[in-house]
A.B. asks: 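Pasting a structure here, questions to come.
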Number of protein chains: 2
Amino acid sequence: MSMKAAKRKKLEATGWKVGNAADFLGLSKEEVAYLELKLKLATQLKNLRLKRHLTQSDFAKRIDSSQSRVAKMETGDRSVSIDLLVKSLFALGVTSKDIGKAITQTKSNAA
Amino acid sequence: MSMKAAKRKKLEATGWKVGNAADFLGLSKEEVAYLELKLKLATQLKNLRLKRHLTQSDFAKRIDSSQSRVAKMETGDRSVSIDLLVKSLFALGVTSKDIGKAITQTKSNAA
DNA sequence: TGACAATATGTCAAATATGACATAATGTCA
DNA sequence: TGACATTATGTCATATTTGACATATTGTCA
């Protein structure tokens, strides 16, 4: 799988409908950077939840949300903000340092 | 100025009305962490804009926003999201790595 | 001091995010 | 396979965020 295809797959997972390569390339650098950052936080959240052996429903209760919203958080859905992801990570006891480190990660060494 | 008072002043600057020390202490750890993170991004944005010798109005045009919103971004106002700050930083050419590093900073070595 | 530039604050209509619900899809294990 | 748990998707009313405007405040320089 090419680098470009891998990236595209990730972006599609976030809710972006990428009809074709041209549309994909139509995304600006800023948009791609934003989506990638969001996906990093989403992944960090999911990994942490799994490490704690919590279901999405368990975790939803803890942050006064719902299972469906947690699912959307973890897939980086269009409808979830970075604010929500950050707040959720803090609720799991993650530190700013941890978040900063996760953001700094490149694809090759992502958690 | 005590450490606590300094923190309080920063938080007040973000739009939080901190009536007294008790109220301040009433903020949960997560809330404080969120506000501090937001303020780091706000500061990073302002520093970068100044480094580029742009006025708030100049920068506002570049990101299709308004001077007043830029002012709110830079003071970490309640009404601005981390999403908006992150998108604005990307618009200034900042990388994820830069953002990650800024978030990782502790108070003592903040930009 | 006053004139002007730059930044901050208050407000609001429109846009976007949120929790919740229903239900679909996927996974697991007997 | 089927029963059950878990996760994903679609939708919606409510809540929050956004750009914009007016106006206030602060800064600078003659």
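The sequence lines fix the lettering, A, B, ..., with proteins before strands; numbering per chain opens at 1.
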A.B. asks: Take the protein atom CG of B/D77 and the nucleotide atom P of D/dT18, then report the distance between them rounded to whole Å.
C.D. replies: 10 Å

A.B. asks: How long is the line joining NE2 of A/H53 and C1' of C/dT28, in whole Å?
C.D. replies: 17 Å

A.B. asks: For the pair made of NZ in A/K72 and P in D/dC12, what is the distance, rounded to whole Å?
C.D. replies: 12 Å

A.B. asks: Figure out the CD/P separation between A/Q56 and C/dA20, and round it to whole Å.
C.D. replies: 15 Å

A.B. asks: Does the side chain of A/L92 come within less than 4.5 Å of A/R62's, by heavy atoms?
C.D. replies: yes

A.B. asks: Report the distance from atom NZ of B/K46 to atom P of C/dA6, rounded to the nearest whole Å.
C.D. replies: 14 Å

A.B. asks: Please state how far atom CZ in A/F59 lies from atom P in D/dA5, giving the value in whole angstrom units.
C.D. replies: 22 Å

A.B. asks: Applying a 4.0 Å non-hydrogen cut-off, can you work out what B/K87 is touching in the nucleic acid: base, sugar-phosphate, or nothing?
C.D. replies: nothing

A.B. asks: Identify which nucleotide among D/dT18, D/dA8, C/dA8 has an atom closest to any side-chain atom of B/E74, counting heavy atoms from C-beta outward.
C.D. replies: C/dA8

A.B. asks: Do the side-chain N and O atoms of B/D77 and B/T75 include a donor-acceptor pair separated by under 3.5 angstrom?
C.D. replies: no

A.B. asks: Just wondering, do B/L84 and B/R69 contact through their side chains at under 4.5 Å, heavy atoms?
C.D. replies: yes

A.B. asks: Starting from the 5' end of DNA chain C, give me the residue, A/L84 or B/T55, whose nearest nucleotide shows up first.
C.D. replies: B/T55

A.B. asks: Reading DNA chain C from 5' onward, which residue's closest nucleotide shows up sooner: B/D83 or B/L54?
C.D. replies: B/L54

A.B. asks: Could you check whether any side-chain heavy atom of B/Q105 comes within less than 4.5 Å of a side-chain heavy atom of A/S96, counting everything from C-beta outward?
C.D. replies: no

A.B. asks: Checking side-chain polar atoms at under 3.5 Å, does A/S68 have a donor or acceptor matched by the opposite partner on A/S66?
C.D. replies: yes

A.B. asks: Heavy-atom distance under 4.5 Å between the side chains of A/E74 and A/V70, does that happen here?
C.D. replies: yes

A.B. asks: Please determine whether side-chain contact (heavy atoms from CB on, under 4.5 Å) holds for the pair A/D58 and A/R52, giving the CA-CA distance in whole Å, both sets of side-chain angles, and the decisive distance to 0.1 Å.
C.D. replies: CA-CA 10 Å; A/D58 290 338; A/R52 303 274 174 88; over 6 Å; no

A.B. asks: What is the distance, rounded to the nearest whole Å, between atom CG of B/L50 and atom C1' of D/dG27?
C.D. replies: 14 Å

A.B. asks: Is there a side-chain contact between A/S57 and the phosphate of D/dT7, meaning an N or O under 4.0 Å from OP1 or OP2?
C.D. replies: no

A.B. asks: To the nearest Å, how far apart are A/R78 CZ and C/dT18 C1'?
C.D. replies: 17 Å

A.B. asks: Within residues 61-71 of chain A, find the residues that approach DNA chain D with a heavy atom at under 4.0 Å, and present them sorted by residue number.
C.D. replies: A/Q67, A/S68, A/A71

